[in-house]
Structure formats: structure tokens, C-alpha cells
Amino acid sequence: MPAGTCAESRPPLPLPDTPTTRKVWRIHDYRLDLTLQCGQAFRWQRHGPRWWGVADGKPVELVQNGTLLQARVPEPVPDWAWLENYLQLHAPLPAIWATFPDDPHLHRARAQWHGLRLLRQPAWECLASFLLSSCKRIEQIQQVIERLCRRWGDPLPALEGLPTLYSFPPPGRIAAATEAELRACGAGFRAPYLLAAARAVDQGRCPLDELPRRTYPEARAALMNLPGVGPKIADCVCLFGLGFLEAFPVDTWIARVMRERYFRGRRVSEETLAEFGRSRFGPYAGYAQQYLFHDRRMTDRPREAHLHNPPSG
DNA sequence: TGTTGACCTGGCCGG
DNA sequence: GTTCGCAGGTCAACA
């Protein structure tokens, strides 16, 4: 190759990304309102078309206007991969749907709730949140988590015009708290579970960072070694925090819908339902679970069906 | 192996 | 204003 050609064809030196506080994406098959409010994450607040919360440790304001998604952060960031990953903007939803069997119940849920996505949350925040979730409504879970963040989290740089948001407390901070202090935040009988989990993670006995590199059964078993973590919470953490999309959490809602629609109302154990869900819906069973779960929940709670309204923004 | 009650707390509902 | 059953789960005791 001639020397001159080589110099001309050399790619330009990569320029560092210019840090920005705003970003716009064109998105398809995405419903921000459903995704943030369906019960997989507990730190998002809605005011009209605007959503604000903490994603991957950073305060963010989000607005969806049709196929445009706008984000705003208080301090310039060089890239937005962290938010794209959290929101799973690049998850191939049509390809995921193509893997599912021809299932009338799933088709109906898809038609109604198309655009609902699974988030990818920080594993510790996900584990702590779902440890606090048993026998609580979403609003109550949000309140307890907010108290924990205000008490043991750090204030984050404020978005102009919005209240101060707090980081999710790292395991070491919770590990240093007392059970009574956690109960005072509203954790109730879940307080000793949260404390034990925080200490296990903080001391490296439950290496959350390593679990995504293990197999799903190994990660699930490691989580279930923690006190207070049964099959349901372990599967929620696998699905929403570790990226194991084959996980199929079985809670009371999904157990009801599965027994009704696939087992003619027969009594079937929850472990059997989880195995059935994973084998029927395959490597993306978690997506199927979330659609079936949300469909059933909205059927039983029509008051909350305003979620069906597309974003007004 | 499957079933049952206890565990905190707070919003809801009927009296 | 008060009472009561209930809620997106887990654990341990018991049959």
C-alpha cells in the first residue's frame, strides 16, 4: 500500500465526547410510564409528563414525547451508556417477542401493555428493595426506601427546579445500622433480613458483583442463602438486577394468573409454576412474566389502569 | 412433603 | 373515630 494513501485513510483521532446535561433518543416499542411504574423499581416520581428519580446512582429527569425520550441530569456527563443500560433502551423487544410460543394470554397482554420494558437496576438496590417488599404495597415500599435513602444515603446534585434526591445507601452503611433504626424507617419484620443481607454483601459473603458471571441457578442459589430471601425475591433480583432474563418470579399475582390460565385452577406449587414459566417461555421468560403480571394486576385494580394512557408529553 | 401461623405497618372499609 | 382483615414473602413448627 502506498505510503501517502495510508496517511490519508487513517481514521481521525477519536475526540473525547463533549459532556452534556441533556440527551434525546429516538425510541421504538418503549413506554416509559409503564416501565417505571409497573412495580419493578421504586424510586421514580411522576409529575405530569415528567419523571424524576435516581438511575444507577445519578439523579435524572425523563420525559417521553411519542418516539422521543429526553433526559436531563444536573452535571455534564461524557456518555450516557449508564442510562441506556438502566432503561434497557437497546433491548430488542421485537426479537424477544419472536422467541415466545403462540400464547393467547400473552398476546392479549402484549396488545394492552406493549412497550413495557425490564430495567437493569443496581443489584444491591434491587436486593434491598425486594427484601422490603413482602406484604407491602408499592406506595409503602417507596416510602420505606425513601426514608432509608434520606437517612443513610448521600444528597445528590440537585436538578434545577426539583427537590434534592438521595443516593441508595451502600451495603456498608446499612450494615452499620441497628435493627431498631431500620424498624424506625418502617422496615418492620423485614429489618433483620435487610441487616443480615447488608452485612453478607458488605463482608463479601454474597458477592453480588460476581453473580452476573455465574449461571442463573448458581446466582439464584447464592441469593437464597441470605436470610429472608426465598425463591420469589431471588428471582426478582436475578431478573431486574443481574440480567438473568430467564428468571420467572412467582408472587401471589402471577401464581393466581398461572393457575387460572394454564392449570384450570388446580393447586400447583409455586416452584412448579416457576419451572413451567421458564420452560414454556424460554430464555426471555422474565419478559413474559412481567406482561402477564401487569395484565392481571391491572385487571384486578382498574383504579390504576390510568397507566394505560400514553404519555401526554 | 405440604400446610399454617407469625411477623410490622398502614390504608381501606363497614359499623 | 375505631376496629378489622389484608397485603407483590419467608421461615419454622407441625401433621
Side-chain angles (χ1 to χ4, degrees), chain A residues 34-44 109 113 116 118-119 121 125-148 151 174 177-200 206 220-241 247-261 263 265-275 277 285-305 307:
Chain A
L34 293 178
T35 300
L36 297 184
Q37 215 175 6
C38 69
Q40 59 178 319
F42 304 99
R43 299 209 63 198
W44 292 94
W113 311 110
L116 170 59
L118 298 184
L119 298 170
Q121 303 175 55
E125 178 177 336
C126 190
L127 170 60
S129 299
F130 280 96
L131 264 172
L132 292 167
S133 72
S134 62
C135 296
K136 274 189 179 291
R137 278 178 272 272
I138 290 176
E139 301 76 23
Q140 295 173 328
I141 302 166
Q142 290 171 330
Q143 288 169 6
V144 179
I145 291 173
E146 180 64 20
R147 288 187 205 121
L148 291 177
R151 172 113 194 222
I174 300 290
T178 65
E179 186 182 317
E181 288 172 324
L182 296 177
R183 284 178 185 270
C185 290
F189 63 82
R190 309 153 198 85
Y193 298 151
L194 179 60
L195 194 56
R199 289 176 178 167
C206 181
R220 188 179 196 248
L223 291 166
M224 286 177 63
N225 273 334
L226 297 169
V229 178
K232 191 268 179 179
I233 293 176
D235 274 332
C236 284
V237 178
C238 282
L239 185 59
F240 305 129
F248 195 88
V250 175
D251 54 36
T252 58
W253 291 94
I254 204 74
R256 206 175 299 163
V257 74
M258 297 290 285
R259 288 180 184 127
E260 283 171 5
R261 295 178 183 174
F263 292 89
R266 291 207 315 271
R267 291 190 71 120
V268 182
S269 77
E270 291 172 0
E271 198 57 39
T272 301
L273 293 174
E275 287 168 15
Y287 262 94
Q289 187 272 2
Q290 198 63 14
Y291 274 76
L292 292 170
F293 165 75
H294 190 70
D295 187 51
R296 177 56 204 247
R297 184 164 159 260
M298 288 300 107
T299 304
D300 264 27
R301 294 184 173 178
R303 270 191 318 157
E304 298 176 42
L307 282 175

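Naming convention: chains lettered A, B, ... in sequence-line order (proteins, then strands); numbering from 1 in each chain. The analysis underlying the following values was restricted to heavy atoms, covering all of them including side chains, and did not include hydrogens, waters or symmetry mates.
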**Request:** Would you kindly give the NZ-to-C1' distance between A:K136 and C:dG9, to the nearest whole Å?
**Result:** 13 Å
**Item:** Contact check, side chains of A:E275 and A:E270, non-hydrogen atoms, under 4.5 Å
**Value:** no
**Below 4.0 Å: OP1/OP2 of B:dC8 and any side-chain N or O of A:R183** = yes
**Complete:** In whole angstroms, the gap separating P of C:dG9 from CG of A:D251 amounts to 5 Å
**Asked** Using 30° and 60° as the class limits, which term best fits the ring planes of A:F240 and A:F130: parallel, tilted or perpendicular?
**Response** parallel
**Prompt:** Base, sugar-phosphate, or nothing: which does A:P249 touch, judged by heavy atoms less than 4.0 Å apart?
**Reply:** nothing
**Asked** Expressed in angstrom and rounded to an integer, what is the separation of A:F189 atom CZ from B:dG5 atom C1'?
**Response** 12 Å
**Asked** When rounded to the nearest Å, what value does the distance between P atoms of C:dG8 and B:dG2 take?
**Response** 25 Å
**Request:** When you get a sec, tell me which of C:dT10, B:dC7, C:dG8 is the closest nucleotide to the side chain of A:P231?
**Result:** C:dT10
**Prompt:** How many Å lie between CG on A:L132 and P on C:dG9, as a whole number?
**Reply:** 14 Å
**Prompt:** Is the shortest heavy-atom distance from the side chain of A:C38 to the side chain of A:M298 under 4.5 Å?
**Reply:** no
**Asked** Which residue lies toward the 5' end of DNA chain C, A:I141 or A:V229, if each is placed at its nearest nucleotide?
**Response** A:I141
**Request:** Could you tell me whether a side-chain N or O of A:Y291 sits under 3.5 Å from a main-chain N or O of A:L116, the two making a donor and an acceptor?
**Result:** yes
**Presence of salt bridge, A:R256 and A:E260, under 4.0 angstrom** = no
**Message:** Tell me the interatomic distance from A:Q290, atom CD, to C:dG8, atom C1', rounded to whole angstroms.
**Reply:** 11 Å
**Message:** For a 4.5 angstrom cut-off between non-hydrogen side-chain atoms, does A:L131 reach A:L226?
**Reply:** no
**Item:** Value in whole Å for how far the P atom of C:dT10 lies from CE of A:M224
**Value:** 8 Å
**Asked** Just checking A:G39: base, sugar-phosphate only, or nothing, at a heavy-atom cut-off of under 4.0 Å?
**Response** base
**Prompt:** If we take the P atom in both C:dA7 and B:dG14, what is their distance in whole Å?
**Reply:** 15 Å
**Asked** What nucleotide, of B:dC8, B:dT9, C:dT10, holds the atom closest to the side chain of A:Q140?
**Response** B:dT9
**Message:** Rounding to an integer number of Å, can you tell me how far A:E179 CD sits from B:dC7 P?
**Reply:** 13 Å
**Asked** Given that both distances must come in under 3.5 Å, which nucleotide forms a Watson-Crick or G-U wobble pair with B:dT1?
**Response** C:dA15
**Item:** Length of the line joining A:R220:CZ and C:dT10:C1', which is rounded to integer Å
**Value:** 14 Å
**Asked** Is there a Watson-Crick or G-U wobble partner for B:dC8 with both distances under 3.5 Å, and which nucleotide is it?
**Response** none
**Item:** Of the listed nucleotides B:dG10, B:dT3, B:dC8, the one nearest the side chain of A:R267
**Value:** B:dT3
**Asked** Is there a donor and acceptor pair closer than 3.5 Å between the side chain of A:R190 and the base of B:dC7?
**Response** no
**Asked** What interatomic distance, in whole Å, is found between P of C:dT2 and the corresponding atom of B:dC8?
**Response** 24 Å
